[in-house]
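Shown next, in structure tokens, is the structure this report addresses.
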Amino acid sequence: MAVVGAGPAGASAALALGGRGLRVGIIEKAVPPRYKTCGGGVLRRALALLPVDVRAAVERECFAAELVHHGPDLRFVCRRDRPIVSMVMRDRFDHLVTEAAVRAGAQLFAGTTVLDVMPGGDDVRLVTSAGEIRARFVVAADGANSVVARKTGRPEIRDVFPALECEVSFAAEKMAPFLENARFDFGLVPAGYGWVFPKRDHLSIGVGTTRRGAANLPQAYARYLAALGLGPPLREERHGYLIPCRPREGMFGARRVLFAGDAAGLADPVTAEGITAGILSGQLAAQAILDGDFAEAAVKRAYREALEERLLGELRIARRLAWVLYECPRLRAALLTRHGRGMSELMTRIVSGESTYRAAVRRPGNYFKLFRRAA
Ligand SMILES: Cc1cc2nc3c(=O)[nH]c(=O)nc-3n(C[C@H](O)[C@H](O)[C@H](O)COP(=O)(O)OP(=O)(O)OC[C@H]3O[C@@H](n4cnc5c(N)ncnc54)[C@H](O)[C@@H]3O)c2cc1C
């Protein structure tokens, strides 16, 4: 068994395959712990899936989520007595899950890049920077620019969310008002949003948009800092990357390869959050391989059914909601003006794992039923 990529999807797949006497290799081009461009906001619904104690990676816990809307100016704060978002730096978080997979028996090939992929009837040949590896199944968890997808002829993911993530510090008194809440701002970034995530000694501030090529993210970021009342930072590190927000077409078509996480395009189109789907899809891929007993058709069927049941239906509803949120600013403003408190509470319930998009659209009388048609 080979897992390509040691992010949340790959590490979770390898962990779920552990302890069963199988030979599992994790092939990772970086040497962990490695920086990953990410806000590092791990939602409660993601943490609930992980059978690993990752508290050592948590820098701050946010018990409140703050939604700020600009034009009209609105602000909603939702609180819980358990953390809604746990803030991590991804190098430490991903490394903890990978270490757990290694303890469960996986072998980590760090600093090893997959260069080519040749699926066959009985196994898959992976050409790597350290030689050839053969595996009965491959879990492709190699992220948004998946080499496995390219080499197996899968089409590019159509909807991506380009995002700019900045690790910034300011004088303590400037950062103080931002240290408690996970903050999300709408109405400043064209067809997207901005966020402020507090870390132990700095802030992760980012902007992202659903419009590839149309929004100038560095400009949007500068406007966002000004709107937050923050001048030039004392220290700043900028990283840009893409978040794939539409399931990859043809992802079930590659022989003996199961795509998971960003490689499969499973991030939530509303929040562009992909850690939950990464963990879940990695686990479902592993379970499908075990349930299907390595028989190709049975494994594929099990994975497709499990993904449909647990994720794809959710993502279809989320996509409709995202369309209103990002493509219909006047409707968004009207809905938030009338129902902002209720909608913020409902989103908080969804990201906390207390509810789902499907449950929300099925509730009689709920405004989320507007997005029901795709359920
Ligand atoms: C700016 C930004 C902010 C974000 N903020 C959040 C957030 O706050 N919360 C959230 O939930 N999500 C967030 N996301 C999304 C989240 O980062 C991803 O959805 C998540 O990392 C997907 O996990 P993954 O395991 O599928 O892929 P990744 O985490 O990308 O892991 C893929 C791994 O594969 C390795 N790899 C790639 N190619 C090869 C190869 N050829 N050979 C071997 N190894 C390879 C990479 O080195 C990497 O370690 C953000 C994304 C961006 C860009």
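Atoms within each ligand, like the ligands themselves, are counted from 1 in listed order. Not measured: the values here are computed from a predicted model.
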Checklist entry - Of all residues at least two apart in sequence or in a different chain, which pass the side-chain hydrogen bond (donor to acceptor under 3.5 Å, both in side chains) check with E66? => result R75, N181

Item to check | Residue pair Y35 / E237, side-chain donor-acceptor N/O under 3.5 Å | outcome: no

Checklist entry - Do L228 and R183 have side chains that get closer than 4.5 Å, going by heavy atoms? => result yes

Checklist entry - Angle class for the F252/Y303 ring planes (parallel below 30°, perpendicular above 60°, tilted otherwise)? => result perpendicular

Checklist outcome for this item: In chain-and-number order, ligand 1 lies under 4.0 Å from a heavy atom of each of V4, G5, A6, G7, P8, A9, I27, E28, K29, R34, K36, T37, C38, G39, G40, G41, R90, T112, T113, V114, A141, D142, G143, V147, A163, E165, W195, F197, Y241, I243, G261, D262, A272, E273, G274, I275

Checklist entry - By salt bridge (Lys or Arg N to Asp or Glu O under 4.0 Å), which residues pair with R310, not counting sequence neighbours? => result none

Next on the checklist: R23: which residues meet the salt bridge (Lys or Arg N to Asp or Glu O under 4.0 Å) condition with it, sequence neighbours left out?
Outcome noted: none

